[in-house]
Amino acid sequence: MSSAPGSYYLPNPSAWPIIGSIGLFSLLLGFLLLLNEGSAGPWLMLLGACIIVVMMFGWFGKVIHESESGMYNEDVGMSFRMSMLWFIFSEVMFFAAFFGALFYTRALAVPWLADTDILWPGFEGGWPTAGPKGPMPIEADTPVSDPAAQFSTIGPWGIPVLNTFLLLSSSITVTIAHHALKMNSRGNLILWLGVTVLLGVIFLYFQAVEYHHAYSELGLTLGTGVYGSTFFMLTGFHGLHVTIGAIMLTVVWLRCLRGHFKPDNHFAFEASAWYWHFVDTVWVGLFVFVYVF
Amino acid sequence: MATADVAHHEEHHHHPSGVMRWITTTNHKDIGTLYLCFSLSMFLLGGLMALVIRAELFQPGLQVVDPHFFNQMTTMHALLMVFGAIMPGFVGFANWMLPMMIGAPDMALPRMNNWSFWILPFAFTMLLSSLFTAGGGPAAGWTLYAPLTIQGGMGVDMTIFAIHMMGISSILGAINIIVTIFNMRAPGMTLMKMPLFVWTWLITAFLLIAVMPVLAGAVTMLLTDRHFGTAFFDPAGGGDPVMFQHIFWFFGHPEVYIMILPAFGIISEIIPTFSRKPLFGYTAMVLATAAIAFLSFIVWAHHMFTVGMPLTGELFFMYSTMLIAVPTGVKVFNWVSTMWRGALTFETPMLFAVAVVFLFTIGGFSGLMLAITPADFQYHDTYFVVAHFHYVLFSGAAMAMMGGAYYWLPKWTGHMYDEKLGKIHFWLTTIFFNVTFFPQHFLGLAGMPRRIPDYALQFTEFNVISSIGAFGLGFAQLLFVYVIVKCVRGGSKATDTVWEAPRGLEWTVPSPAPYHTFETPPKIA
Ligand SMILES: [Cu+2]
């Protein structure tokens, strides 16, 4: 409403939120049916995903239009930035649940399980473990012949350390791009942001290679007891977040090509860069607690 | 003013009417109304389920419903009341009052505000329709403990997805509230000048953002254990069902403060008005709220004393829990001190506020009893626990909301509510509440287990009393609905201040509050 110059911009009524809710509902309803043998499941999920994508284009497109036509004052920009930081905090807490599960099982649950000889006699505990009924762990990075009896973990000093290097460099390149944007040096901005996205995509490629290796040769799957559960849930949700972050940065990159953003006004760039640093930080935690120790 | 007129003209041009107004609205007052109506309907529906439970427990033996349906009712009653009635109710109050209290033109992110609300009807559609699937709705209690929830049918999946949606709604709503408070205050409205309701909501919003994702993580692990072969809660694969309890209660304990801190805020607004004195110990109230929030993160395992924990764990969680009595005591002391030598009058909001102080304190004391580990081995999973949390959640959270509704209804509608009916509603609620829940203390101490549809003969008398009270309590709420509808429809005209010299910016705007308030920031003295 009030578009008096300098005042806080308050948007008109909008249908995008309810469209988003409908998309979210179809997505989850489809997933529900998929899990419970309903044949319409995948189609409903696809429909929901499409609705959500349309919603994002429409909603964010409107915000970009409002911003580019100068309807937002500094306070609106501050609201956006604060919201993004709190959203990232909520994501941190989401990962905290899974890290908590990892620490709890390793430090408490598995040792307790090994201590009680009544229920599971002969279970030694230790880490990695797939539990008393799961396959036995063997030396890291050793291919197994019988996944029902054995599994092997992924050592940290192959792909994981390379991936650490890739993500850490991408955090540096996105910072270089940010500086270029502040200096209004468009060529460098587009170059270094492009490099950032590329590094992210290479990371995801290596992650896919690693997963394939784990499933086909190491006998390490989501179902490999509590080790497989924590390993794939943590790295999987991280990979999902890298994907989201890479999509965000790609959209920002395309907007840069179109000449969007000003040295002093570039919320979407900042938000995506913060998100990227967050994804990067989570990876460092993963590398240390999932791969190295 | 010319520009403003033009802007308004254009705005009316864009405003849909009828049902589309409510679906597409970006106005904090509209969205607040939506939240409050949603909360009230979930409150009535959840109450209906409670009456199914109390009907079954009216006499020993199985007569009204079969045990599996009884379990679904206890589970669904709790999920509806916690996630459908109390949490959205307080968000409704926040939407209506926060911008007016801090002199802001609206919430910081109005479109996201709309989305936070409009996720909820979809989430509860998903949750409630689980009752009609094969195998029924969730029946493992609102705590959704593994391994029971690993075994349930499709209804458990629907509950998990519903919780995911509620989580998104709560997190987006909480982000909006925090940003509004930090970024939208009128010039001069410093943090330590904010009304206590704003402070309690600021801290509540922080708790929401910190723990709702943890609940999402917990139910996600349930989902993968159910369908994707993970072993988080399965000892055969090295997991541990007790781990679910730890993660759940890491969310669950802050959650109880999410449900009570805004109630403290409302009480802290009402009591000074009807004592005609400023709030006693404002700074101490702010600090006590922050202390409660901090402590809420390190007490979770007091819900699990009997599950098996090392002795050091039991002791740590016992002492940290008892520590919470200190800041809570500060609050009760300050409310009483605010009333001390005040020029007290007892309009309906004040009656509710005083009752909350009194009855919540009873709930606080029974909580202290439950915190004592060795004693808890006796109380655990008995009706004593049920009595305890209804004293904090009904006579704490829900009755504070009723008081808040009477307090601000004149500001919202422009009409005075029917004071006589309001008082009758108060007395019926308070009396029947105590008739329902006070005997449950005795039942629990005598060993009657909770969540069981049948009981031994010696528990009959107290159960009969409790059931009679529950039906009285339920029907009394129809009067509440009637008073609200009557007040919305008409009534004597409310003045701008409504009460005698209340503090706060909301009383400086006309009654009813215009659709847009504080488009230009007010001057703060
Ligand atoms: Cu607790």
Side-chain angles (χ1 to χ4, degrees), chain A residues 1-4 7-8 10-18 20-22 24-25 28-29 31-32 35-36 59 75 78-79 82-83 86-87 89-91 93-94 96-98 100-101 104-105 108-110 112-113 119-120 129-134 221-223 225-230 232-233, chain B residues 3-4 7-8 11 14-16 21 23-26 105-106 108-112 114-115 118-119 122 126 154 157-158 161 164-165 168 171 175 178-179 182-184 209-214 216-218 221 224 227-232 234-240 243 246-247 250 516 519:
Chain A
M1 39 135 290
S2 87
S3 40
S7 68
Y8 197 93
L10 297 176
N12 278 320
S14 170
W16 292 118
I18 190 81
S21 293
I22 293 167
L24 184 66
F25 187 73
L28 289 175
L29 190 64
F31 195 23
L32 176 81
L35 294 176
N36 293 280
W59 189 334
D75 289 340
M78 180 56 86
S79 289
M82 282 181 172
S83 314
W86 285 105
F87 173 68
F89 174 57
S90 79
E91 292 268 46
M93 293 308 293
F94 182 71
F98 295 99
Y104 182 85
T105 38
L108 300 171
V110 169
W112 287 341
L113 209 53
L119 281 175
W120 309 100
T129 180
K133 289 278 204 171
T221 70
L222 191 60
V226 77
Y227 183 85
S229 307
T230 49
F232 281 104
M233 282 291 254
Chain B
T3 45
H8 272 279
E11 165 213 335
H14 283 290
H15 269 261
R21 165 187 167 185
I23 290 178
T24 61
T25 182
T26 48
D106 204 301
L109 302 153
R111 276 183 286 238
M112 196 171 89
N114 173 301
W115 200 31
W118 277 108
I119 291 173
F122 291 91
M126 177 84 88
M154 180 166 150
D157 295 327
M158 297 171 88
F161 290 138
H164 278 135
M165 284 191 265
I168 297 172
I171 291 167
I175 290 175
I178 289 199
V179 175
F182 277 141
N183 199 36
M184 304 285 284
I209 302 177
V211 300
M212 288 310 285
V214 175
M221 286 183 243
T224 58
H227 292 288
F228 298 97
T230 58
F232 288 107
D234 178 9
D240 187 353
M243 182 169 79
H246 278 292
I247 303 175
F250 183 83
H516 296 292
E519 284 171 82

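Throughout, a chain's letter reflects where its sequence line sits, starting with A, and its residues are numbered from 1.
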remark   = Pair count under 4.5 Å, heavy atoms only, with chain A: among B:D234, B:T230, B:I247, highest is B:T230
query = Among A:G228, A:G20, A:G134, who wins on heavy-atom pairs under 4.5 Å with chain B?
reply = A:G20
key: Interatomic spacing from CE in B:M112 to CH2 in A:W59 - rounded to 0.5 Å   = 8.0 Å
query = Side chain, backbone, both or neither: which part of A:L35 has a non-hydrogen atom closer than 4.5 Å to chain B?
reply = both
message = I'd like to know if the side chain of B:H246 pairs up with that of B:D240 as donor and acceptor (distance under 3.5 Å, no hydrogens or angles considered).
response = no
inquiry  = Between B:F122, B:F182, B:F228, who has the most heavy-atom pairs with chain A when the cutoff is under 4.5 Å?
reply    = B:F122
key: B:I209 versus chain A, the contacting section by heavy-atom distance below 4.5 Å   = both
Contact origin within A:A96 toward chain B - heavy atom pairs under 4.5 Å = neither
ask   = Do other residues, nucleotides or ligands put more than 12 heavy atoms under 6.0 Å from A:M82 CE?
value = yes
ask   = Using non-hydrogen atoms only, which part of A:L113 is less than 4.5 Å away from chain B: side chain, backbone, both, or neither?
value = side chain
ask   = Where does the angle between the aromatic ring planes of A:F98 and A:F94 fall among parallel (under 30°), tilted (30 to 60°) and perpendicular (over 60°)?
value = perpendicular
message = What I'd like to find out is whether the side chain of B:P213 reaches to under 4.5 Å of the side chain of A:F89, using heavy atoms alone.
response = no
query = Can you find a pair of side-chain heavy atoms, one from B:V211 and one from A:M93, that are under 4.5 Å apart?
reply = no
remark   = Pair count under 4.5 Å, heavy atoms only, with chain B: among A:G100, A:A130, A:A109, A:A15, highest is A:A130
Test ring-ring contact (aromatic ring centres under 6.0 Å, His included) applied to A:F232 - qualifying residues, sequence neighbours left out = A:Y211, A:Y215
ask   = Between B:D106, B:I23, B:I178, which shows the greatest number of heavy-atom pairs under 4.5 Å with chain A?
value = B:I178
request  = For residues B:N114 and A:S14, determine if any side-chain heavy atom of one lies less than 4.5 Å from a side-chain heavy atom of the other.
outcome  = no
key: Partners meeting ring-ring contact (aromatic ring centres under 6.0 Å, His included) with A:W16 (sequence neighbours left out)   = none
query = Checking heavy atoms, do the side chain of B:F250, its backbone, both or neither come under 4.5 Å from chain A?
reply = side chain
note = If one checks every heavy atom of B:M158 against chain A at 4.5 Å, the contacting part turns out to be both
query = Does any heavy atom of chain B fall under 4.5 Å from the side chain of A:M233, the backbone, both, or neither of them?
reply = side chain
remark   = Cut-off 4.5 Å, heavy atoms of chain B, and the answer for A:T221 is neither
message = Counting only non-hydrogen atoms closer than 4.5 Å, does B:I171 touch chain A with its backbone (N, CA, C, O), its side chain (CB onward), both, or neither?
response = side chain
key: Which of A:G131, A:S21, A:A101 touches chain B most, by non-hydrogen pairs under 4.5 Å   = A:S21
query = Less than 4.5 Å apart, any side-chain heavy atom of A:F25 and any of B:M165?
reply = yes
